[in-house]
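For reference, the structure is listed below as structure tokens.
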Amino acid sequence: MTSGEDEVAVASSEKASGKREQKRRRRLISGPGMLLVWLYGVMVVGAVSRSAVQISTDFGKAPLAYTLSAVAGVVYGFITYSLVRGGDRARRAAFACCALELAGVLIVGVWTLVEPSAFPDATVWSDFGMGYLFIPVILPLTAMYWLRKGVLRHGAEAAEA
């Protein structure tokens, strides 16, 4: 093989690799992924706007609750970004953030039941997200299932190739 043929083969391989990566990225926001992006986007707007108003107007009343709502908004934003970005790294990052989100919802949910005086005002994650129709506890479970299912499906496709 000449050096020119080597270059063509490498360029062709890189082009095919780029198309496969683009396909994988699209998969994160296809079907149920699009619904997850939409729901997480709504949660970003809800959590960030709620915490911004609460922090700017009455932070002294419940600083822990308002700060946790802001943290929830940042977590939701990162998950939304990761889902839209796509790719294997984004999938892993989104999965890790969903696990962090679920842990936060469960910890804060239990904490608000055990020690309600620590939260004079509700957070996004108070009472397991009851103020948000339990979406904060259902959403990460659903997203983790969907992200994991995609990894398993992608692994099966790679094994077939």
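These numbers come from a predicted model, not from an experiment. What's counted below: heavy atoms across the whole structure, side chains too, no hydrogens, waters or symmetry copies. For this chain, numbers begin at 1 and follow the sequence in order.
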Could you tell me whether the side chain of [Y] reaches within less than 4.5 Å of the side chain of [X], counting heavy atoms only?
X      : Y      : answer
Val53  : Asp58  : no
Pro140 : Tyr40  : yes
Met43  : Thr80  : no
Leu106 : Val137 : yes

Could you give the distance from [atom1] ([X]) to [atom2] ([Y]), rounded to the nearest 0.5 Å?
X      : Y      : atom1 : atom2 : answer
Tyr145 : Cys98  : OH    : SG    : 15.0 Å
Phe78  : Leu83  : CZ    : CG    : 10.0 Å
Leu139 : Leu35  : CG    : CG    : 8.5 Å
Ile79  : Glu101 : CD1   : CD    : 4.5 Å

What are the two closest non-hydrogen atoms of [X] and [Y], and how far apart are they?
X      : Y     : value
Gly73  : Val48 : CA-CG2, 3.8 Å
Ser82  : Ala93 : OG-CB, 4.1 Å
Ile55  : Ala70 : CD1-CB, 4.1 Å
Leu147 : Arg91 : O-NH1, 3.4 Å
Cys97  : Val75 : O-CG1, 4.0 Å
Gln54  : Ser69 : OE1-OG, 4.3 Å

Do [X] and [Y] belong together in a cluster built from hydrophobic side chains that touch within less than 4.5 Å?
X      : Y      : answer
Val45  : Tyr66  : no
Phe134 : Phe119 : yes
Leu64  : Val71  : yes
Val74  : Leu68  : no
Ile107 : Phe128 : no

>> Test side chain to side chain contact (heavy atoms under 4.5 Å, CB included) on Val124 and Val105; report intermediate values, then the result.
In response: CA-CA 8 Å; Val124 174; Val105 172; over 6 Å; no
Pairs of donor and acceptor atoms involving the side chains of residues 109-118, under 3.5 Å and at least two apart or interchain, shall be tabulated with distances.
unit_1, atom_1, unit_2, atom_2, d
Thr112, OG1, Val108, O, 3.1
Thr112, OG1, Gly109, O, 2.8
Thr112, OG1, Asp127, N, 3.0
Thr112, OG1, Asp127, OD1, 3.4
Glu115, OE2, Ser117, OG, 2.4

>> For Tyr81, I'd like to know if atom OH has over 12 heavy atoms of other residues, nucleotides or ligands within 6.0 Å.
In response: no
> What orientation do Tyr76 and Trp125 show, parallel under 30°, tilted 30 to 60°, or perpendicular over 60°?
Replying inline: perpendicular
